[in-house]
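Taking it in order: structure first as structure tokens, then the write-up.
Sequence lines set the chain letters: A, B, ... in the order given, protein chains first and strands last, and positions in each chain run from 1.
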Amino acid sequence: MVDVKSFLRDYATKQSLFKNKKFLQSNYIPKKVPYREEQINQIAGILAPSLRMERPSNLFIYGKTGTGKTLAVNHVVEQIAEVAQEKKLNLKVVNLNCKLKRIADTEYRLVAQISRELGQDIPPTGLPTDEVYKIFVRHLEKEPTLLLLVLDEIDEIVKNTGDKILYNLTRLNTELQNSEICLIGISNDLMFIDNVDPRVKSSLSEEELVFPPYNAIQLQKILRERAMLTFDKSIIGEGVIEKCAAYAAKEHGDARRALELMRVAAELAERNNAEKITVDYIDTAEEKIERDRVVDIIATQPKQFKITLYSILHVSDEYKKKNSSDFYTGDIYENYKEYCLKTGTKPLTQRRVGDIIAELDMLGIINARVISKGRYGRTRHITLGIPENIITKVTTMLREGLGL
DNA sequence: CGAGATTCATGTGAAGTATACCTTTAGGCTTAA
DNA sequence: AAGCCTAAAGGTATACTTCACATGAATCTCGTA
């Protein structure tokens, strides 16, 4: 690939493996959602009153990741929005993922973000939270509106900030004169609603829906369908679809994962000038997805998190050389302080670093388990949660990012 | 030898602080009549 | 006098610190067999 130009020329003339890539992309909403017809009909039934400008029952949806919850809701909501537009109804849809860091992960930020989606700007900080509610309500009341508020991964925000926020949201309707809000909560955590104030629970889940995982056969069918749209039949190697499905079925039937796996495998095949997607590419794809996920998470973390993580990697490496793989919060903190000195960063307290370690655990980058070592105190036992082959890459990335 | 007390290193909760950013308000300046 | 700009005042959310207490099993202590 010495000559970039000729590479690019080749690339432009070469036949792509993809007929049309968009069918495998995660934001694609298919016309038909296989094995979810029943749920879609139910959702449609529940939300249909909105087209008469009556507030539908609040809806709560459970199911593991990649079981089509978000997809099904989007599918219905999109069509409701279309019909509403035809009929010139003032119906608005706001779709938010509560997991998005720094966008919708606190009560203030969530309400502010909803307002922004509705075209009402709200500063990122500085206002009292109830003032933000007021602005939001005022904006909504300007003209009679029916708002369908879809809150994806709603369990995340409650985990972070408590269930007060749900109470406030459900209570909002009683304050509104002209407008109405219908809440649609989506949760990956099946246990989630049990830990919520019963009053909130009853009003939030007026209707409930559970999405079961797909099984391997269903996954295969889904994959095959999408693959037909995306590739020529001849390109897909033997057993590719089966293997993708099997991988995903292992992970509680996560369809999103299966589709991503196939897309990435195809991209890799294409980059290798391969004529066919073979089973081998799936393993490589699996690796690449994991790597991208980790790299992506780490890249978006604040500096202190990076330094902490770098310390963890460093300490882990040193201990491995010494053949003692166990290390704890204290070890990390000592090391962390050194790196702060080197990078000219003001060290945080151990209290805070402990919290950061807990948060890194939540992100799945490390595993930190609180253990008691009896006489020798209590601490977090830390192990790396990322595969061996990614560690080096992550380490260099962090080192460069921190200027070490 | 075993039950109960002790101990360690840090977990964890609450309350306080620093920072960044917001709105409101009052004073000072400019401008137009 | 009205209008506009600026700076100060007063207020909030968030990230972090400080303080104080909680934890829980390995180890120690000491009475008992």
Using a strict cut-off of less than 4.0 Å between a Lys/Arg side-chain nitrogen and an Asp/Glu carboxylate oxygen, indicate whether A/Arg263 and A/Glu267 qualify as a salt bridge. yes
Candidate nucleotides C/dG24, C/dT17, B/dC22, ranked by approach to the side chain of A/Leu348 - the nearest: C/dT17
What is the distance from NZ of A/Lys373 to P of B/dT7, rounded to the nearest Å? 18 Å
Please determine whether the number of non-hydrogen atoms from other residues, nucleotides or ligands lying under 6.0 Å from atom CD1 of A/Ile217 exceeds 12. no
Measure CG/A/Asp361 against P/B/dT10 and give the value in whole Å, please. 17 Å
Does a side-chain N-to-carboxylate-O contact under 4.0 Å join A/Arg256 and A/Glu260? no
Looking at the side chain of A/Arg380, which of C/dC16, B/dG11, B/dT23 is the nearest nucleotide? B/dG11
Between P of C/dA26 and CZ of A/Arg378, the distance in whole Å: 13 Å
Does C/dA13 have its OP1 or OP2 closer than 4.0 Å to a side-chain nitrogen or oxygen of A/Thr129? yes
Check whether the side chains of A/Glu107 and A/Asn168 place a donor and an acceptor atom closer than 3.5 Å, and report yes or no. yes
Does A/Thr106 have a side-chain nitrogen or oxygen under 4.0 Å from the phosphate oxygens OP1 or OP2 of C/dT14? yes
Gap between atoms NZ and C1', on A/Lys303 and C/dC16 respectively (whole Å): 16 Å
Of the nucleotides C/dG24, C/dT14, B/dC22, which one has an atom closest to the side chain of A/Leu127? B/dC22
Whole angstroms only, please: what is the CD-P distance between A/Glu359 and C/dA15? 9 Å
With ring centroids as reference points, do A/Tyr310 and A/Tyr339 lie under 6.0 angstrom apart? yes
When rounded to whole Å, the CZ to P distance for the pair A/Arg116 and B/dC22 reads 11 Å
Salt-bridge criterion met for A/Glu359 and A/Arg352 (N-O under 4.0 Å): yes
Check nucleotides 18-21 of chain C against the protein and report each pair of N or O atoms closer than 3.5 Å, with its distance, or say if there are none.
none

I need the CD1-P distance between A/Ile371 and B/dC8, as an integer number of Å. 18 Å
Which of C/dA26, B/dG11, C/dC16 is nearest the side chain of A/Arg375? It is C/dA26
From the options B/dC21, C/dG24, C/dT27, select the nucleotide whose nearest atom is closest to the side chain of A/Tyr376. C/dT27
Does A/Arg369 come within less than 4.0 Å of A/Asp361, counting only side-chain N to carboxylate O? no
Report the distance from atom CD1 of A/Ile382 to atom C1' of B/dA9, rounded to the nearest whole Å. 13 Å
